[in-house]
Amino acid sequence: MKKIILAAALCATVISCKQEKTMTYKYADKPQTVTCDNVDAKLYSEAYYAFENAIVMQAKNTNRRPNFNITPEYALRNFLRRSAGIIKITDYATQEAFEIFHKLKDQAIWDGPQLKSNAAITECIGSSIENNTTKTSFNTLRSVESLDPKLMAAAINDNRGARNQFSDKALMTYVALDLYYAKFFNTDFSQTEFLVEKEAPAAIVPQAKPSQPVIGKKLDLDVKKREEHNAHDGHNH
């Protein structure tokens, strides 16, 4: 019996190791979004960049201006504005993000569909946010365990005087975790077609106006020739 239990434990360990190896880090060459020692910075950075990729892709797919440049900052602003209300998260979900979500669940950072105020990653983000006003709002809500994602979305949107908020990767990692991945909990993905990049619409090239034929000179030339010919015929008579 002990041998069976030991074999089962070894098998589970081997399977666990194999599953761990299947995690590929597509964005490993990008700068880490959080750098605290007590968190899996590599995983959280991967989660952020997958989120960024998804919202940029969604913005490009729905853009109707062929020559408009969709930047991550534009996509983040757009996503934050929408997050202050109600959004359909399946419109932004990629297969890549869905798979990372299941890796994030192993970190036990959510209390239901909301980021825990006392999670190590939450404390890390709270100490890393660059703008003081946003940082104060974040840590005040966290201290009273009221880190509501809609309140934070409103705080970020309303802080119009803050520069470079959307390039603050620690703050945007919070956005990814609490306003994006957290919404995956109460979402049925069984009938979802994951977001994929569509072919960009072709740029409209203005066509040159057709040139009008110049016929006046030719007509005048023909008239003069006939007059000269008639005059010459008259002299022969």
Side-chain angles (χ1 to χ4, degrees), residues 25-60 69-85 87 89 92 94 96-97 100-101 103-104 107-111 113-184:
Y25 291 91
K26 179 179 175 182
Y27 306 99
D29 60 331
K30 289 183 174 288
Q32 290 189 340
T33 63
V34 289
T35 55
C36 302
D37 294 333
N38 59 337
V39 299
D40 189 344
K42 193 174 181 180
L43 175 60
Y44 291 122
S45 297
E46 190 77 5
Y48 167 75
Y49 288 115
F51 156 69
E52 181 187 274
N53 178 62
I55 63 172
V56 168
M57 190 185 301
Q58 195 273 346
K60 286 182 177 179
N69 182 32
I70 303 293
T71 63
E73 180 177 338
Y74 172 85
L76 286 163
R77 285 180 183 276
N78 190 50
F79 181 80
L80 257 296
R81 281 197 297 268
R82 291 174 179 270
S83 294
I87 64 172
I89 204 63
Y92 298 83
T94 60
E96 172 187 53
I100 290 175
F101 166 67
K103 293 290 182 183
L104 290 169
Q107 302 293 311
I109 60 174
W110 287 294
D111 182 11
Q114 188 169 332
L115 197 64
K116 289 180 180 178
S117 295
N118 60 352
I121 183 60
T122 315
E123 294 178 1
C124 173
I125 291 168
S127 65
S128 305
I129 295 172
E130 295 173 4
N131 179 264
N132 287 330
T133 301
T134 305
K135 187 175 187 176
T136 300
S137 299
F138 184 90
N139 286 315
T140 299
L141 292 172
R142 190 173 67 81
S143 66
V144 294
E145 297 187 357
S146 298
L147 192 59
D148 184 276
K150 285 193 176 182
L151 290 177
M152 273 310 301
I156 296 169
N157 285 326
D158 292 344
N159 192 6
R160 299 181 186 277
R163 292 185 177 183
N164 304 322
Q165 280 202 111
F166 297 97
S167 60
D168 182 346
K169 290 296 185 284
L171 178 59
M172 293 302 107
T173 297
Y174 164 74
V175 171
L177 295 176
D178 213 15
L179 284 87
Y180 180 68
Y181 289 106
K183 294 182 182 296
F184 285 26

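Remember, predicted model here, so these are calculated numbers, not experimental data.
With contacts defined as side-chain heavy-atom distances shorter than 4.5 Å, the pair Glu73/Ser167 does not qualify. In this structure, Leu76 and Ile55 have side chains that are in contact, with non-hydrogen atoms separated by less than 4.5 Å. With contacts defined as side-chain heavy-atom distances shorter than 4.5 Å, the pair Met152/Asp178 does not qualify. Tyr174 places a side-chain heavy atom less than 4.5 Å from the side chain of Pro149. Residues Thr33 and Met172 are not in side-chain contact: their nearest non-hydrogen atoms beyond the backbone lie 4.5 Å or more apart.
Here Glu52 pairs with Tyr48, Tyr49, Val56, Pro72, Lys169 under the side-chain contact (heavy atoms from CB on, under 4.5 Å) rule; sequence neighbours left out. Take Glu96 and apply the salt bridge (Lys or Arg N to Asp or Glu O under 4.0 Å) test, not counting sequence neighbours, and it matches Lys26. Glu130 is linked by a salt bridge (Lys or Arg N to Asp or Glu O under 4.0 Å) to nothing, counting only residues two or more places apart in sequence or in another chain. Judged as a side-chain contact (heavy atoms from CB on, under 4.5 Å), and not counting sequence neighbours, the contacts of Ala154 are Asp158. In this structure, the side chain to side chain donor-acceptor pair (under 3.5 Å) partners of Asn139, at least two apart in sequence or on a different chain, are Arg142. With sequence neighbours excluded, no residue satisfies salt bridge (Lys or Arg N to Asp or Glu O under 4.0 Å) with Arg81.
The CG atom of Asp40 lies 10.5 Å from the CD1 atom of Ile109; values are rounded to the nearest 0.5 Å. Asn118 contributes atom CG, which lies 7.5 Å from atom OG1 of Thr122 (distance to the nearest 0.5 angstrom). Note that CZ of Phe79 and CZ of Phe51 are 4.5 Å apart. Values are rounded to the nearest 0.5 Å. Note: Leu147 CG to Lys116 NZ = 13.5 Å, rounded to the nearest 0.5 Å. The structure places CZ of Phe138 at 9.5 Å from OG of Ser127, a figure rounded to the nearest 0.5 Å. In this structure, CZ in Phe166 is found 12.5 Å from OH in Tyr74, a value given to the nearest 0.5 Å.
Under 3.5 Å, the side chains of Asn131 and Asn159 contain a donor-acceptor pair of N or O atoms.
Exactly one residue among Leu43, Val39, Ile121, Leu177 makes a side chain to side chain contact (heavy atoms under 4.5 Å, CB included) with Gln107. That residue is Leu43. Here the options are Ile89, Val175, Ile87, the test is side chain to side chain contact (heavy atoms under 4.5 Å, CB included), and the partner is Tyr180; only Ile89 passes.
For the pair Glu46 (side chain) and Ile100 (backbone), a donor-acceptor distance under 3.5 Å is absent. Between the side chain of Ser45 and the main chain of Lys42, no donor-acceptor pair closer than 3.5 Å is present.
In terms of heavy-atom proximity, Tyr181 sits nearest to Ala50 at OH-CB, 3.6 Å. Summarising the geometry of Ser146 relative to Ser117, their closest heavy-atom pair is N-OG, 4.2 Å, with the distance given to 0.1 Å. Taking both residues in full, the closest heavy atoms of Leu179 and Ser83 are given as CD2-CB, 3.4 Å, listed atom of the first, atom of the second, then distance.
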Let's go through Asp148 and Leu141 carefully: what are the C-alpha distance in whole Å and the side-chain angles of both, what is the deciding distance for side-chain contact (heavy atoms from CB on, under 4.5 Å) to 0.1 Å, and is it a yes or a no? CA-CA 8 Å; Asp148 184 276; Leu141 292 172; 6.0 Å; no
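Around CG of Asp37, the count of heavy atoms belonging to other residues, nucleotides or ligands within 6.0 Å does not exceed 12.
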